[in-house]
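Residue numbers start at 1 and run along the sequence shown.
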Amino acid sequence: MTDLARTPNQIGNLIRRTRKKRGLSQSQVGVRAGLRQETISLIETGHPAAKLDTILAVLAALDLEFRIVPRTKGAAADLEDIF
């Protein structure tokens with residue numbers, strides 16, 4: 001699975017979609033990541049103040065990883081249509 005996310009909302013949507021696909025609750029992901037359920041909820045709703053280490057912990061709890069690649073020519077607004 002390779003998905004592109006450029007905004008906090010897009011990251012949150014990808015995390016939510018993966019969590020639900022794996023049949024996990026926000027609380028279960030929180031336990032795996034060492035975070036509160038409320039923190040998972042904030043990330044999934046695209047809260048812009050989420051810390052990078054917190055997002056990385058959630059990604060690890062879902063067996064996902066963060067990659068940095070050259071930006072493609074598509075605009076971030078175009079990506080919103082995917083979600």
K.L.:
Say you draw a straight line from CG of Asp3 to CD1 of Ile11; how long is it, rounded to the nearest 0.5 Å?
P.N.:
12.0 Å
K.L.:
Picking from Lys20, Arg19, Arg17, what satisfies side-chain hydrogen bond (donor to acceptor under 3.5 Å, both in side chains) with Glu44?
P.N.:
Arg19
K.L.:
To the nearest 0.5 angstrom, please state how far the OG1 atom of Thr18 sits from the CG atom of Asn13.
P.N.:
10.5 Å
K.L.:
For the pair Thr39 and His47, evaluate side chain to side chain contact (heavy atoms under 4.5 Å, CB included) and give the outcome as yes or no after the intermediate values.
P.N.:
CA-CA 9 Å; Thr39 302; His47 194 278; over 6 Å; no
K.L.:
Leu59 and Glu65: which non-hydrogen atoms are nearest, and at how many Å?
P.N.:
CD1-C, 4.5 Å
K.L.:
Given the rule that I, L, V, M, F, W and Y join up when any side-chain heavy atoms are under 4.5 Å apart, are Leu64 and Ile43 in one cluster?
P.N.:
yes
K.L.:
Determine the minimum heavy-atom distance between Ala57 and Ala33, stating which atoms define it.
P.N.:
O-CB, 3.6 Å
K.L.:
Which residues pass the side chain to side chain donor-acceptor pair (under 3.5 Å) test with Ser25, sequence neighbours left out?
P.N.:
Gln28
K.L.:
Rounded to the nearest 0.5 Å, what separates atom CD in Gln37 from atom CG in Leu42?
P.N.:
9.0 Å
K.L.:
Nearest 0.5 angstrom please: Arg16 CZ to Gln26 CD, how far?
P.N.:
8.0 Å
K.L.:
Would you kindly confirm whether Val69 and Leu56 end up in one hydrophobic cluster when ILVMFWY residues are joined by side chain heavy atoms under 4.5 Å apart?
P.N.:
no
K.L.:
As an exercise, state the distance from CD of Glu38 to OG of Ser27, rounded to the nearest 0.5 Å.
P.N.:
7.5 Å
K.L.:
With hydrophobic residues grouped by side-chain heavy-atom distances under 4.5 Å, do Leu24 and Val31 end up in a single group?
P.N.:
no
K.L.:
Could you pull out the closest heavy-atom pair between Ala61 and Val29, with the gap in Å?
P.N.:
CB-O, 4.0 Å
K.L.:
Minimum heavy-atom separation for Leu14 to Leu4, with atom names?
P.N.:
CD1-O, 4.1 Å
K.L.:
Under the side chain to side chain contact (heavy atoms under 4.5 Å, CB included) criterion, do Thr72 and Arg6 qualify, and how do the steps go?
P.N.:
CA-CA 11 Å; Thr72 59; Arg6 292 184 174 159; 2.7 Å; yes
K.L.:
Taking atom CD1 of Ile55 and atom CG of Leu35, what is their separation to the nearest 0.5 Å?
P.N.:
10.5 Å
